[in-house]
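Structure first, then comments.
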Amino acid sequence: MARVNDQRRMWKYIVFGLLTLGIYDIYMLWTMINDINTACGYKERTDDSCKSPHYLIFVLLTAVTFGIYSFVWYYKQGNRLKNVGEEYGVKIDEKGSTYVLWMVLGALLFGAGPLIAIYLFICNVNKICHAYNVEIERGETPGIIKEYYPVSPKDSGRMEVNSPVRPHADGTDAWSGGGTVYVNSFGTLNFISGEYAGAVIEIGAGNEISLGRNQNMCQLVFCEQDISRVHCVIQYVRTSQNEAYYYVTDHSRYGTIMNDSIRLRKEVRTRCPIGTKLTLGNGTNSVTLN
């Protein structure tokens, strides 16, 4: 798979657009549509409902609707970027309505609104394209465990795994109870309640585990809707034989609560001491960091 352009710049859109009488802007939008479909389609798989039409169709529909279709396009593709951003673990603040509001209401600001909308859109396209390039260069989805085998309390020794772990072998939301899934030794995540209740996840120093509903991005896959596609990332850090702690980064919509009282700040890596309790989403799933 070929890389896509993640270095588009607003100043080029303005300066080169003026110098070429708009020809550069046509080229930029043409290639950007192709790159959006490539980078977003990589995560959407077989879902083509949000796919952007070809540039020529975009121009035709915009012309016959007297410009209305362009607002529809920015709204739809803006929401698409935000949703796919969650799949990639990339923070996208703007949604489709943001671009439309800047174009419509922002036009009253001496015509600067549409330029602000385009600037925000280009920045977010760059974020998604960069995330896509990182994944295809890596050759495989990062952090994916390779294969899952059911485990019972009587099992012992190291269990080798190669695919996203699910709470039960048949894909249901009930953990079989007990047992240990080994990612690496040292730190342990002890699940108190929820889909993985009774499970112990071991993690090596410097390693991290992603928790969420997206099996392409997460090592521990959940089914419940209060868990985001990429809910949080937990990293174990051991600085010496006597000192160890965790870093937890929340990426979720419904939040991650520390010790039943503190909601972690989103997209901020928070240091958590050994023994910290984390509650995910609405509270069904909880785990202690040991």
Side-chain angles (χ1 to χ4, degrees), residues 3-44 47-134 228-230 251-253 265-268:
R3 286 174 53 89
V4 294
N5 185 358
D6 58 6
Q7 298 295 320
R8 291 182 174 88
R9 296 292 181 262
M10 184 65 183
W11 71 265
K12 292 183 178 180
Y13 177 84
I14 297 175
V15 175
F16 292 165
L18 291 173
L19 293 176
T20 62
L21 302 180
I23 295 176
Y24 179 82
D25 295 347
I26 294 174
Y27 165 78
M28 183 173 179
L29 184 56
W30 184 310
T31 58
M32 188 161 62
I33 287 176
N34 292 337
D35 287 351
I36 290 173
N37 284 337
T38 298
C40 291
Y42 183 72
K43 288 297 183 183
E44 292 165 339
D47 182 9
D48 291 335
S49 60
C50 295
K51 184 177 180 179
S52 173
H54 189 275
Y55 173 77
L56 294 178
I57 297 178
F58 167 81
V59 172
L60 178 62
L61 291 175
T62 300
V64 298
T65 60
F66 301 100
I68 295 177
Y69 178 76
S70 63
F71 296 114
V72 175
W73 185 86
Y74 274 103
Y75 176 81
K76 190 172 183 178
Q77 295 306 308
N79 287 332
R80 184 187 189 191
L81 292 176
K82 185 173 180 63
N83 292 334
V84 172
E86 191 172 345
E87 297 278 354
Y88 277 113
V90 174
K91 183 181 180 182
I92 303 290
D93 293 323
E94 293 76 23
K95 53 186 179 181
S97 58
T98 305
Y99 308 105
V100 176
L101 287 174
W102 272 116
M103 289 182 170
V104 177
L105 301 180
L108 300 177
L109 301 175
F110 305 100
L115 292 178
I116 295 174
I118 294 172
Y119 169 77
L120 294 173
F121 192 81
I122 290 174
C123 289
N124 290 330
V125 170
N126 284 342
K127 290 180 182 180
I128 297 300
C129 289
H130 177 72
Y132 169 80
N133 289 335
V134 169
S228 296
R229 292 182 178 92
V230 179
H251 300 289
S252 69
R253 174 180 301 177
R265 293 177 59 191
K266 190 173 181 179
E267 308 298 341
V268 175

* Partner set under salt bridge (Lys or Arg N to Asp or Glu O under 4.0 Å) for Lys12, not counting sequence neighbours -> none
* Asked: Is the closest side-chain heavy-atom distance between Thr38 and Tyr42 below 4.5 Å?
  -> no
* Report yes or no: does Asp6 contribute a side-chain atom to a donor-acceptor pair with the main-chain N or O of Ile128 at less than 3.5 Å? => no
* Structure fact -> Taking every heavy atom of Val64 against every heavy atom of Leu61, the minimum-distance pair comes out as CG2-O, 3.4 Å
* Short side-chain to backbone donor-acceptor contact, Glu86 and Ser252, under 3.5 Å -> no
* Is the backbone of Arg8 close enough, under 3.5 Å, to the side chain of Asn126 for a donor and an acceptor to pair up by distance? -> yes
* Asked: Would one find more than 12 heavy atoms of other residues, nucleotides or ligands at under 6.0 Å from atom CZ of Arg9?
  -> yes
Donor-acceptor pairs under 3.5 Å, side chain of residues 67-75 to any protein atom, not counting sequence neighbours: which ones?
{"residue": "Ser70", "atom": "OG", "partner": "Gly67", "partner atom": "O", "Å": "2.6"}
{"residue": "Trp73", "atom": "NE1", "partner": "Ser52", "partner atom": "OG", "Å": "2.7"}

* To do: Dump the intermediate steps for side chain to side chain contact (heavy atoms under 4.5 Å, CB included) on Asp35 and Tyr132, then the final yes or no.
  => CA-CA 10 Å; Asp35 287 351; Tyr132 169 80; over 6 Å; no
Would you give me the side-chain donor-acceptor pairs under 3.5 Å for residues 100-124, sequence neighbours excluded?
{"residue": "Asn124", "atom": "ND2", "partner": "Glu94", "partner atom": "OE1", "Å": "2.9"}
{"residue": "Asn124", "atom": "ND2", "partner": "Tyr99", "partner atom": "OH", "Å": "2.7"}
{"residue": "Asn124", "atom": "ND2", "partner": "Leu120", "partner atom": "O", "Å": "3.3"}

* Do Leu81 and Cys40 have side chains that get closer than 4.5 Å, going by heavy atoms? -> yes
* Asked: How far does CD of Gln77 sit from NZ of Lys82, to the nearest 0.5 angstrom?
  -> 15.5 Å
* Approximate separation, where rounding is to 0.5 Å, of Ile33 CD1 and Lys51 NZ -> 11.5 Å
* Asked: Got Arg80 and Ile36 here, is their nearest side-chain heavy-atom distance under 4.5 Å?
  -> yes
* Measuring from Lys266:NZ to His251:NE2, what's the distance to the nearest 0.5 Å? -> 9.5 Å
* **Sub-4.5 Å side-chain heavy-atom contact between Trp30 and His54** => yes
* Structure fact -> In this structure, OG1 of Thr31 is separated from CD1 of Ile26 (nearest 0.5 Å) by 12.0 Å
